[in-house]
Each structure stands twice: as structure tokens, then as C-alpha cells.
There are 4 protein chains.
Amino acid sequence: MPTVTEQRADLPRPGRKRSEESRLAILTAAFQLLAEVGYAALTIEGIATRSGTGKQTIYRWWPAKADVLMDALATKADLYVPVPDTGSHPADLREFLRASMVLGRRPEVAAGLRALMAEAQIDPAFGERFRASFLRPRRDALGALLDRARLRGELPPGLSVGTAVDLVFGVVWYRLLATGQELDDLLVEELVGVLTYGGN
Amino acid sequence: MPTVTEQRADLPRPGRKRSEESRLAILTAAFQLLAEVGYAALTIEGIATRSGTGKQTIYRWWPAKADVLMDALATKADLYVPVPDTGSHPADLREFLRASMVLGRRPEVAAGLRALMAEAQIDPAFGERFRASFLRPRRDALGALLDRARLRGELPPGLSVGTAVDLVFGVVWYRLLATGQELDDLLVEELVGVLTYGGN
Amino acid sequence: MPTVTEQRADLPRPGRKRSEESRLAILTAAFQLLAEVGYAALTIEGIATRSGTGKQTIYRWWPAKADVLMDALATKADLYVPVPDTGSHPADLREFLRASMVLGRRPEVAAGLRALMAEAQIDPAFGERFRASFLRPRRDALGALLDRARLRGELPPGLSVGTAVDLVFGVVWYRLLATGQELDDLLVEELVGVLTYGGN
Amino acid sequence: MPTVTEQRADLPRPGRKRSEESRLAILTAAFQLLAEVGYAALTIEGIATRSGTGKQTIYRWWPAKADVLMDALATKADLYVPVPDTGSHPADLREFLRASMVLGRRPEVAAGLRALMAEAQIDPAFGERFRASFLRPRRDALGALLDRARLRGELPPGLSVGTAVDLVFGVVWYRLLATGQELDDLLVEELVGVLTYGGN
DNA sequence: GCGTAATCGAGACGGTACGTCGGGTCTTTCT
DNA sequence: AGAAAGACCCGACGTACCGTCTCGATTACGC
């Protein structure tokens, strides 16, 4: 998965190359510090100190601390969720949901996601980047899965694919952000039930 | 010698009384500033200046700027949503949802809600207060409404009341926080459909 | 001697008073640090740390680090040089010069003076303040002394008072800044000789 | 005039030769920038950018930005002052002073001299270089001139040559650094008067 | 003419200090 | 005692330069 900060590699510019070592040290430090001190106490200064780099190096490559975190989350906790296509809608959906929830159950990942969503509210510019490079791909994946189900008539009538996607991500984010309830298998089954025609 | 007309007060402390004027000025300033500069640029200092009060007065009565905002939101935008009980589950639900969405469509209210939810992620202590005094009452109201429906067998089987509540608030919050889609009547109908047995 | 930063004391404003304790701690720290690390390594940050104050407190009361030093020099090393008026020109001049040189022989004072003169070259705004509140009073004092001598015809003809003053301060500053030679009694006598009619 | 940083030219080493083009571009840029932005805002980075060279090239050949300036001053504004020897002390002195003052009246030269003297106070290592390669030669020239006068008994008794030199350079530097007065012919005459036996 | 060696422009790097902002506290004066 | 005013210590912000370190691209000499 390409990171936000990747560079055009084709045109060889003069000057020293970007240090991959520093990049990784920064992402690791950000990820660790989030877990240790929380997002409120996560500072660029702290990341620089912990990673043994200069602040300028961070500012050079990431527009805000939330972007560092987004990058770290993508690099450290591989956020890839496969989009199954077995032909059976309930099975595909179940698989997708299960994989998503496994991710969301990891505490550091949950903390990261919550911080990103919070920052997206506070910094509109980051919000845009967050939506475009983080939320949208995952929305689209589930949307494609449900589109196939709709074609086979396995989605409840009166429920648009868009709203169905919103329902799924809605509950998941709501539990992450508001209630803190476990993202368990029971939830998976309930969602599969609600989103399958004749499934209840 | 106390006079006959002494105030009836539960705890008659000496000294100057809390200034209701200052309290209102602070809430108004907070509400206005949120709209004008955004939550990121909303500061205690700014609220004090705008409201013509001292910082100490704010710190004396609210633990954090998010609490000022929560207070302002409740005072400025009356957040009351009636919980109808007409005997018809779809009608009650539809009414509840419609009233909620009307509120969420007001831009200043939406901005306030997003800020509060963001702060709840960042400041755990405020998160607790936010859940207890803001989210819980609304959850309980919808929960009671859906409980009645369950008793009458109007809720889809295989869907717990708890998850149903999560579904509803999940979509609403998700649209507020993540997609920015309008909270329209179509969404109301889709939710009513999903949450009504045989309704689809 | 009133300091650069003195305030109108007559109108009693609300709010906390300026902390004399902090002021003194800052001046002391600046003076010590100059001696310890030199002017190049003298930083506002360092002064704040050493004095146990906040940077803002320094920025609030002094426009630049050189002004802190100028204030410290006036406070710590009392820079007062009496202007004698005994009626005898050579005696008066000798006394004035001797007192000045005693001051300039103190290493911390010399270091301070050199730093101030250097900064005056680099920061034109400070240069103005330095000239007005530091150099000018001393110039005027010697000027007055020599004026009296001129009236009594004890100054060499063909030498204006202005140039005579320049000659005196010129040598002294030149030795401080350029050669580092001791400001000794021999120099005093040579100057008295040059600036007294018939004295050589 | 050979630069301070010149290399042993006798042993022909392999590798690319020092670029005279870059050297000149750097000196020109330094000189221009001093006039345009002042010494405080004169940075190695700025000189590199303006001259179209790399920072390393500057650091390779000059120990500090003041040395670049000293070099530039010598290259751009030819600082040579002839030491006349006509046999007449007053005439020789007058000629030497006049030539010196003509130089000091040029604003860019004055700005350069002030910056160098300031830096000499702040950076002791540069101070040493400045004294040795800039101040000393000029002191020696005037010293030699006055030595000849002393032998002929044309110097006032009771005034050593060293102090006489200090008097001359003292006034000149004092006016440059402290008062900003013009270095005019009147000053020349007053100095000649003071430094000539029976001349007043 | 080919390798070795030094230079050059460019620019990223770890640092340090800058001057500012706001947080949360404390003090003073007034109500 | 509460409130406006405002100074205090503190810590992080984002920026500017420092002096150093790769890079790849030129030169130039010696073999």
C-alpha cells in the first residue's frame, strides 16, 4: 500500500536522498508514544526526541502529526482487509466484517483510529486527507461487495447500498468512539442478518 | 440579626453570588467562536476575551473548554428530542428519528457535536462526562422506545435492542463525522425499514 | 538611575504586579551567563532556565537580550562615574578618567560593554537605545567637564570639545574592543597631557 | 591581495581545482547582502542561495561568515592606505588620515567594518584573526609613520607612539561604531594638531 | 584514456534557539 | 467571596540556520 508521502521515483533529483531509517524511526516513535501517553500528549517534539530525529525532518514530510500517525498506522499495523468474493453474499460479508473487527480489537489500532477520527473533526484539512486516503478505500471495498449482493438480489429491498455501508461502518465507528463495546462475533452475525434479504 | 426576607438557599454561603450574566456571556462566546474559528482555534483565552470575563471565571466553573461547549450546546441549541409513545412502533421510531435529524441538520449543532465527540477521544476524562451526561440519556430514550417495540414483536428477530440502538446512532454519527452526508428523510425511512419486522 | 523598563507607578491598575524577584533573577542570570559562556552563547532560553523564569516574562519586559544585559550592567555593576568640579581642569579630568578606567578594568564589566557595543552594530534598533540611554549620558558628563575647562582656557586651542570627548572615549573603547590593552594610569596621564593646554 | 584562506600552491594535487568563479560569486553576494539586509540577517544560507553555490563550498574555504565578509571587504573595496614618507611629519600624517577617512566614508565599507568589529567581540576566534590580519597591519603602518616623527622630535613629549596610534584609531572607530559622525577634514586637522609638537 | 581524487550544486539530516501562543495558576484591585 | 485584569511558569508550536552528511555530476592530474 503506497503511503501518503511517497515521492515520484522516476525523476532523479540531486541532493541527499530521503532517509528511510529516519522515516521508520519516526513512524515507530509516533505509534509507541500514542500508546504510552495518549493522543493529547503526543507532540511533534516528543516524536522527534524519541525517534532521534530533528523536528524539521518531520515537518518536511508530513503536514501534521495526525498524518504521521495515519502513515504509522498503515505501516505498523497493516490495515489491509481482504475483500472476499466467494459467490455467497452472507459468507463474503461475514468474512469482511470478521477481518475488520479483528483489526479494530487491537488496542493500539483502536487508539489510532479514534485519534485520527478526532483530528479529522478538529483539523478540516486533515479531515479531507483522512477521508480521501483512509475512509474512502475501505468504503469502496465494502460498497463493491454489497453491489455484487444487490445484483444477486441478496440485499434487503428498500435499503440502498450506500446506506448499508453507512450502517456497517456506523456501528463499528460508533462502538469505537462512543461506547467502547467489544467488536465481537455476535455483532458480525447481527449485521449479516440485517443486511441479508430473508436472513432474519 | 437576619431579616424575615432572607433567601431560602440550600447552602447559604457568604460572598458574592455566581454571576449569571458572566455564565451566559461565556456560553454565547464559546458557541459563536466555534462557528467563527473552528474548534481547533477555540481557546479559553479567546472565550474569556470575547465574553469580557476573566479566565479564572471559566476555570472556576468548567473543567475544560469542551465542557463549556457541551453546556453551551445544551443552552443555546435546545437538544431535547421527545420520545413519542403512540402505540405504533414505526410511527414512534419515525418521529424520534425525524426530530433527531432536524437537530443534526443545523450546522452549528453539527459542528458542536463533532467537536464534542472529537474531544471525547482526546481527553478521556471528558469522554467519561460526555458519555454519561450526553450520549447515555439519548441512548436510553431510544432504547426504551425500541424495548416497547420488542415487547410487541415489531423488532426483527436476531437483532438485539442494544445493537439496534447502535445501528441508529452509528449511522447518524458516522454521517456527521465521516461522510458529511445530509441527514435526510430517506435515511429515516431506510432505518425504519431495517428496524421493523416485516417492514421491508 | 531609572531603568529602561520602568513603569508609571501612579495609576493603580488591577492585576498582578510585576515580580521584582523575577526581574532581579533575570538580570543576575544574564550577567552570570555572559561571564560563563560568552555573548555568542547567551540566549534568552538560557537566561530563562538559569533564572527559573519563563521566556515570556523576559520578552514582556525587554525588547532584546542586549537590553537585558544593558539593564543588568546598570543594576549589577553600578556604572556611575562622578563628574568632579574642583576648579582645576587637570585634576577634574584625571579624576573622571581614573574612575572610568577602574570600571572598565573589571572583566565582567568589560565583557558586558563589548557585547553591548557589538550588538549595537548588529541590531540598529538596539543601537539607537544604546546610544540614547547609555552612551549619551556619559558623553554629556565629560562634555560638561571639558566645557568648563574651555571657558577657563585650559583646553588646547584648535581642538573642539566634541572631538576631545571623542578622543577620550575613542581610546578607551578602542582598547576594549580592538587591542585589549589595560586601561592603566599611564593612559590617564597621557590623556590629561594631550587635553590640557600647555600640559605637554 | 592573497586571501586568508589561500592554499599551498606548490604541490599540485589531483582533483578538481577551486572554482574562482564561485569564490567571487560568494564574496559579491556577501557584500551585497550586507548592504541589503544588514549583518544580523546575513546568513551562510543566504549567501549560498544568492551566489548560486552550495553551503559546503563556503564552509570549505572560510571558517565563519565574518571571514567571508573580511575577504569580500578586501577584494571589493580595496582597503589599501599608502604610508607616505615625505620628511614632513604633519604632511605625512595628514595624508595618511585623509586617505583612511575617504575609505571610511564609503557607506558599504563603514557597514563592513562595523560588522567585523562587532563579530570580533562575539566570536573570540574570529577576533584573533581580525586583529592579526586586519587591525595589526594598519596599526603598524601608522606606528612606523609616527616613529619617524618621534625621531625628529615632532611628536608631543609625554605621549607614547602606542597611545598616539590608539588615539587616532580610537576616534575613527568610535565615530564609526558609536556616534556615526562624519569622518571629515576638520577631524583630520584636529588630530594633526593634537599629535604635532607645537602644532596647537 | 582511464582511474583516482577533489570540487561543485543540491538538498536532507540532527540540532538549537527563536519568538509566539495558550494552558492553568496566582495576585491585585474592585464590587 | 466573586470577578476582571493581568503577570507568572511552563511547554509546545512551526520556522530559521547551523554545520555536517550524502548524492550525482564535473573537472583535472598521473599513470
Side-chain angles (χ1 to χ4, degrees), chain A residues 12-19 21-23 25 41-49 51-61 63-65, chain B residues 13-19 21-23 25-26 41-49 51-61 63-65, chain C residues 12-19 21-23 41-49 51-61 63-65, chain D residues 7 12-19 21-23 25 41-49 51-61 63-65:
Chain A
R13 291 181 311 156
R16 189 173 175 174
K17 294 285 178 296
R18 175 174 184 184
S19 162
E21 195 183 355
S22 291
R23 183 181 160 272
L42 179 69
T43 64
I44 297 276
E45 208 131 273
I47 297 174
T49 302
S51 65
T53 64
K55 285 202 285 178
Q56 197 64 261
T57 302
I58 303 180
Y59 284 111
R60 205 184 336 258
W61 301 110
K65 69 173 176 173
Chain B
R13 291 177 305 163
R16 189 172 173 176
K17 291 291 173 298
R18 175 173 184 184
S19 161
E21 195 184 357
S22 291
R23 185 181 160 271
I26 287 166
L42 179 69
T43 64
I44 298 275
E45 209 132 271
I47 297 173
T49 302
S51 63
T53 64
K55 285 203 288 178
Q56 197 65 267
T57 304
I58 302 180
Y59 283 112
R60 208 185 330 261
W61 301 110
K65 71 171 176 172
Chain C
R13 292 178 309 157
R16 189 173 176 172
K17 291 284 179 297
R18 177 175 183 182
S19 162
E21 195 185 356
S22 292
R23 182 180 161 274
L42 180 67
T43 64
I44 298 276
E45 209 132 272
I47 297 173
T49 302
S51 64
T53 64
K55 284 202 286 178
Q56 198 63 264
T57 302
I58 302 180
Y59 284 112
R60 209 188 327 266
W61 300 110
K65 68 171 177 173
Chain D
Q7 300 282 311
R13 292 176 310 159
R16 190 173 176 173
K17 290 287 174 297
R18 174 174 184 184
S19 162
E21 195 184 356
S22 291
R23 183 182 159 273
L42 180 67
T43 64
I44 298 276
E45 209 131 270
I47 297 173
T49 302
S51 64
T53 63
K55 286 203 287 177
Q56 196 65 268
T57 303
I58 302 179
Y59 283 111
R60 208 185 330 262
W61 302 109
K65 69 172 177 172

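Order of the sequence lines sets the chain letters (A, B, ...), proteins ahead of strands, with each chain counted from 1. All values below were derived from every heavy atom in this structure, side-chain atoms included, with hydrogens, water molecules and symmetry-related copies excluded.
Which of E:dG14, E:dG11, E:dT28 sits closest to the side chain of A:R16 comes down to E:dG11. Nearest to the side chain of D:T57, among E:dG9, E:dC18, F:dG6, sits E:dG9. With E:dC13, E:dG15, F:dG24 as the choices, the nucleotide that has an atom nearest any side-chain atom of A:Q56 turns out to be E:dG15. The side chain of C:Y59 lies closest to E:dT20 when the candidates are E:dG23, E:dT20, E:dC8. In this structure, the nucleotide among E:dC13, F:dA3, F:dA7 sitting nearest to the side chain of A:S22 is E:dC13.
Side-chain atoms of B:K17 and base atoms of F:dG2 include no donor and acceptor less than 3.5 Å apart.
In terms of position along DNA chain E, the nucleotide closest to D:P14 lies nearer the 5' end than the nucleotide closest to the other residue of the pair A:G15 and D:P14. Projected onto DNA chain F by closest heavy-atom contact, C:S19 and D:T43 fall at different nucleotides, the more 5' of which corresponds to C:S19. The residue among B:A48 and D:K65 whose nearest nucleotide of DNA chain F is located toward the 5' end is B:A48. DNA chain E is contacted by both B:A41 and C:I44; C:I44 maps to the nucleotide lying nearer its 5′ end (nearest heavy atom per residue).
With rounding to whole Å, A:E45 atom CD is found 6 Å from F:dA12 atom P. Between the CZ atom of A:R60 and the C1' atom of E:dA10 there is a distance of 13 Å, rounded to whole Å. For the pair C:I47 CD1 and F:dC9 P, the computed distance is 14 Å after rounding to whole Å. Between B:W61 atom CH2 and E:dG24 atom P the separation is 18 Å, expressed in whole Å. If you measure from atom CZ of D:R23 to atom C1' of E:dC8, you get 17 Å, rounded to the nearest angstrom. Per the geometry, NZ belonging to D:K55 stands 18 Å off P belonging to F:dC23, to the nearest Å. A straight line from CZ of A:R13 to C1' of F:dC23 spans 12 Å, rounded to a whole angstrom. When rounded to the nearest whole Å, the span between CD of D:E21 and P of F:dT26 equals 15 Å.
In this structure, CD1 in A:I44 is found 11.0 Å from CD in A:Q56, a value given to the nearest 0.5 Å. To the nearest 0.5 Å, the span separating CZ on D:R23 from OG1 on D:T53 amounts to 13.0 Å. Here B:K65 contributes atom NZ and B:I26 contributes atom CD1; the two are 15.5 Å apart, rounded to the nearest 0.5 Å.
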If you apply the rule side chain to side chain contact (heavy atoms under 4.5 Å, CB included), what do you find for A:K55 with A:I58, and how did you get there?
CA-CA 5 Å; A:K55 285 202 285 178; A:I58 303 180; 5.7 Å; no
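Nucleic acid contact class of B:G52 (heavy atoms, under 4.0 Å, all strands): sugar-phosphate only.
The shortest non-hydrogen separation linking D:A25 to D:S51 is O-CB, 3.5 Å.
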